[in-house]
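What follows is a set of notes on a single structure, which appears directly below.
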Amino acid sequence: QVQLVESGGGLVQSGGSLKLSCAASGFTFSRRTMAWFRQAPGKEREFVAGITWDGGNTEYIDSVKGRFTISRDNAKDTVYLQMNSLKSEDTAVYYCTADLSRAYRPVVGATGAAYNYWGQGTQVTVSS
């Protein structure tokens with residue numbers, strides 16, 4: 001069955017860096033758009049970054065542009081989120097998600113409705 005397993009979260013000081021990983025299984029990873037969302041306490045889940053099947057297109061929420069980088073390794077069925085210059089407002093549970101509704105989709109969806117499967121999440125806490 002489809003599995004998405006996130007890792008790499010933790011506690012970091014403001015200005016620090018973390019790299020999240022999401023190991024995928026149970027589907028043909030190399031054909032699918034992948035994305036990261038996050039949800040802070042008391043807030044709605046929000047799109048953070050997404051990447052198309054070949055890495056040719058990426059999208060980011062404005063608040064992380066220039067600080068976060070999404071990438072993927074199709075040989076390892078893994079998607080990454082490199083997070084630099086972290087701020088306290090980045091504190092949230094980060095979720096990996098996959099769009100299994102259409103292979104080779106050329107664009108990145110920025111809403112939760114565009115994605116079918118979700119990981120269990122990994123906590124990122126940024127102390128100020």
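- No side-chain heavy atom of Val124 sits less than 4.5 Å from a side-chain heavy atom of Leu11.
- When all heavy atoms are compared, the tightest approach of Ala92 to Ala40 is CB-N, 3.8 Å.
- To the nearest 0.5 Å, atom CG of residue Leu4 and atom CD of residue Gln120 are 9.0 Å apart.
- Here the side chains of Val12 and Met83 are not in contact, with every heavy-atom distance at 4.5 Å or above.
- The closest donor-acceptor contact from the side chain of Ser63 to the backbone of Ile61 lies at 3.5 Å or more, if one exists at all.
- Looking only at side-chain heavy atoms (C-beta outward), Tyr80 and Asp73 come within less than 4.5 Å of each other.
- Classification of the Tyr115-Trp118 ring pair by plane angle, with boundaries at 30° and 60°, yields perpendicular.
- Here Thr78 contributes atom OG1 and Glu6 contributes atom CD; the two are 12.0 Å apart, rounded to the nearest 0.5 Å.
- Judged purely by atom type and a 3.5 angstrom limit, Ser14 has no side-chain atom pairing as donor or acceptor with the backbone of Ser128.
- Following chains of ILVMFWY side-chain contacts shorter than 4.5 Å, one cannot reach Leu86 starting from Tyr95, and the two form parts of different hydrophobic clusters.
- For the pair Thr52/Val108, a side-chain contact is recorded, criterion being any heavy-atom separation below 4.5 Å from C-beta on.
- Aromatic rings from Phe47 and Phe37 are positioned such that their centres are separated by under 6.0 Å.
- One finds the CG atom of Asp77 at 7.0 Å from the OG atom of Ser30 (value rounded to the nearest 0.5 Å).
- Using a 4.5 Å heavy-atom cutoff, the side chains of Ile51 and Thr33 are not in contact.
- In this structure, Thr122 and Val93 have side chains that are not in contact, with every pair of non-hydrogen atoms separated by 4.5 Å or more.
- Remark: side-chain polar atoms of Arg32 are not paired, donor with acceptor, to backbone N or O of Trp53 under 3.5 angstrom.
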Residues 96-104, side-chain donor-acceptor partners within the protein, below 3.5 Å, at least two apart:
unit_1, atom_1, unit_2, atom_2, d
Thr97, OG1, Tyr117, O, 2.7
Asp99, OD1, Ser101, N, 3.0
Asp99, OD1, Ser101, OG, 2.6
Asp99, OD2, Arg105, NE, 2.5
Asp99, OD2, Arg105, NH2, 3.4
Ser101, OG, Arg105, NH2, 3.0
Tyr104, OH, Arg31, NE, 3.4

| request: Before giving the answer on salt bridge (charged side-chain N to carboxylate O under 4.0 Å, His left out), spell out for Asp62 and Lys65 the whole-Å C-alpha distance, their side-chain angles and the decisive distance to 0.1 Å. | output: CA-CA 5 Å; Asp62 285 347; Lys65 285 181 180 178; 3.0 Å; yes
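- Shortest non-hydrogen contact noted between Asp90 and Arg67 is OD2-NH1, 2.8 Å.
- Following chains of ILVMFWY side-chain contacts shorter than 4.5 Å, one can reach Trp36 starting from Met34, so the two form part of one hydrophobic cluster.
- No side-chain N or O of Thr91 forms a donor-acceptor pair with one of Glu89 less than 3.5 Å apart.
- Residues Glu59 and Asn57 have side chains that never bring a donor and an acceptor to within less than 3.5 angstrom of each other.
- Of the N and O atoms on the side chains of Ser17 and Asn84, at least one donor lies less than 3.5 Å from an acceptor on the other residue.
- With rounding to the nearest 0.5 angstrom, the OG1 atom of Thr111 is 9.0 Å from the CZ atom of Arg45.
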| request: Kindly determine whether Gln39 and Glu46 satisfy side-chain contact (heavy atoms from CB on, under 4.5 Å), including the steps that lead there. | output: CA-CA 6 Å; Gln39 188 166 21; Glu46 67 175 355; over 6 Å; no
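- For the side chain to side chain contact (heavy atoms under 4.5 Å, CB included) with Ile70, the qualifying choice from Val64, Val48, Leu81 is Leu81, the only one to do so.
- Rounding to the nearest 0.5 Å gives a distance of 13.5 Å between OG of Ser21 and CZ of Arg72.
- Taken from OG in Ser71 to NZ in Lys19, the straight-line distance is 5.5 Å, to the nearest 0.5 Å.
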